[in-house]
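Lettering of chains follows the sequences in order, A, B, ..., and the numbering in each one begins at 1.
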2 protein chains.
Amino acid sequence: MDKKNYREKLISTATRLFAERGLNGVSIRELSTAAGVSISMISYYFEGKEGLYSSVLQEQFSCFEYMATIKERDSGPMDKIEEYIRWSIQRHRDYPFLLRYYTSELTNPTRYFSSIVRPTLEKALHILIDIIKTGIDEKLFRGGLNPEDTALAMAGMVNYYFLSTLATEEFINHSPERDEELIRHYMDIFTRGILS
Amino acid sequence: MDKKNYREKLISTATRLFAERGLNGVSIRELSTAAGVSISMISYYFEGKEGLYSSVLQEQFSCFEYMATIKERDSGPMDKIEEYIRWSIQRHRDYPFLLRYYTSELTNPTRYFSSIVRPTLEKALHILIDIIKTGIDEKLFRGGLNPEDTALAMAGMVNYYFLSTLATEEFINHSPERDEELIRHYMDIFTRGILS
DNA sequence: TACTATAAATCAAACGTTCGTTATGATGAT
DNA sequence: ATCATCATAACGAACGTTTGATTTATAGTA
């Protein structure tokens, strides 16, 4: 039989369950059963339950690094904007989990938030601003446009949709087709407001 | 001695503690001690812990009814927009709690979300849309403006700020002066994008 | 006013359950 | 021989709930 590594299995199961019900909403007994792994593996691979939670967190937020690469892509501002929206939507699949983190049940949530989440959100915003500035320079976007305002409105807009659909059937069951539909929807809004 | 009623004391304490650490992050022992009340009062006044949580929720969301009255106010669209922003900011003092609710630890969160939160958010959005439409009709706002897009961008924008400052010192310690500063800031952004 | 009976509000203690952790010994793969 | 994994059991701590007794408030009666 193949050598198994249940570390990943634990992480993926924990990601789903913690996203659904939070750190204190899931017992490690239920978690290990759902993962099909012995309960003692949690202490074996991680430093207990909070250690597992921290590992999940770290993995969740590492995905933001991809966002930073969009700026360097060899494509026009319009394509980059679309890429940002696409990335946002895929990221928002994990939104319940991220929201949980914002109001974390960890022993010292504020420190984590300040050191990871906040800079990440600000970085994302500045990348958007840069893309829009480039669009204005290249005279693709309206000259009168305020890059900071536009980026904020855009990031907020995408955000707001997910906040309002969170935890609904619509959110949980969104398909790739629905994703594309959403991307077109936001690109339409963006286009209406921004093209020169 | 006066007749006491610890119901309100329990609700106010629970509101603060649940906002900080969530339903499963606070034990009813700690909660009752913090309220200076016997633990059995929770089952006496509410139907257990979840009942108390539900009561807090209901009170939190009832504030949204005020939002609906803004539309009927006897003032211009610009004033109404400012009122909306002011209301949003004050509401966001309770943001950690509301966010918790979005990812609720209740037994059946989706039902609550669908029946309370979603309609509330949509109602708020439609009130904004109406205000903006009126502004366009009265030729105060740009004619080319898309009311739906603008309302969404605006609601999202205000939202995004709080998401990014949540759980930071900056958020927790914001003062009335800081509130006014924020209101002016958002009104500036709005004005730049919307006036005719 | 004073006494009493009833109901409401409050409490401390106990109950049974579940929690996260750790220890143990065994099994199969490398 | 080492490593990954298992099932199981045990542990003390913490959990939410319930019980039964006690205090307080209210109302009725004299």
Side-chain donor-acceptor pairs of residues 70-78 of chain A under 3.5 Å, sequence neighbours excluded:
| residue | atom | partner | partner atom | Å |
| --- | --- | --- | --- | --- |
| A:Arg73 | NH1 | A:Glu83 | OE1 | 3.3 |
| A:Arg73 | NH1 | A:Glu83 | OE2 | 2.8 |
| A:Arg73 | NH2 | A:Thr69 | OG1 | 3.1 |

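The distance between the ring centers of B:Tyr45 and B:Tyr6 does not fall below 6.0 angstrom.
Atom-to-atom, CG of A:Leu23 to P of D:dA14 comes out at 16 Å; the value is rounded to the nearest Å. When the P atom of C:dT10 is taken as reference, atom CD1 of B:Ile42 falls 13 Å away, rounded to whole Å. Taking atom NZ of residue B:Lys9 and atom C1' of nucleotide C:dC11, one finds them 18 Å apart after rounding to whole Å. Taking atom NZ on A:Lys49 and atom P on D:dC15, their separation rounds to 12 Å, with Å as the unit. Look at CD on A:Glu8: it is 14 Å from C1' on D:dA4, rounded to the nearest Å. In this structure, CG of B:Leu17 is placed 13 Å from P of D:dG16, rounded to the nearest angstrom. Taking atom CE on A:Met41 and atom P on C:dG20, their separation rounds to 17 Å, with Å as the unit. A:Leu10 has its CG atom 13 Å from the C1' atom of D:dC6, to the nearest Å.
DNA chain D is contacted by both A:Arg7 and B:Glu47; A:Arg7 maps to the nucleotide lying nearer its 5′ end (nearest heavy atom per residue). When the nearest nucleotides of DNA chain D are assigned to B:Ile28 and A:Ile39 by heavy-atom distance, the more 5′-ward of the two goes with A:Ile39.
Side chain of A:Ser40, nearest nucleotide from D:dT8, C:dA9, D:dT17: D:dT8.
Within residues 29-37 of chain A, the residues approaching DNA chain C are A:Arg29, by heavy-atom distance under 4.0 Å.
B:Tyr45 has a side-chain polar atom (N or O) that falls below the 4.0 Å cut-off from OP1 or OP2 of C:dT10. For the OP1/OP2 pair of D:dA4 and a distance below 4.0 Å, the side-chain nitrogens and oxygens of A:Tyr44 include at least one atom meeting the criterion.
Below the 3.5 angstrom threshold, one finds no donor paired with an acceptor across the side chain of A:Ser27 and the base of C:dC19.
Applying the side chain to side chain donor-acceptor pair (under 3.5 Å) criterion to B:Glu180, with sequence neighbours excluded, gives B:Arg86. Annotation: side chain to side chain donor-acceptor pair (under 3.5 Å) contacts of B:Ser38 (sequence neighbours excluded): B:Ser40. The side chain to side chain donor-acceptor pair (under 3.5 Å) search around A:Glu47 returns none, not counting sequence neighbours. In terms of the side chain to side chain donor-acceptor pair (under 3.5 Å) criterion, residue partners of A:Glu181 (sequence neighbours excluded) are, by chain and number, A:Arg178.
Residue contacts shown for A:Ser38 include a base, since a base heavy atom lies under 4.0 Å away.
Using a 4.0 Å cut-off between charged side-chain N and carboxylate O, B:Arg192 and A:Glu148 make no salt bridge.
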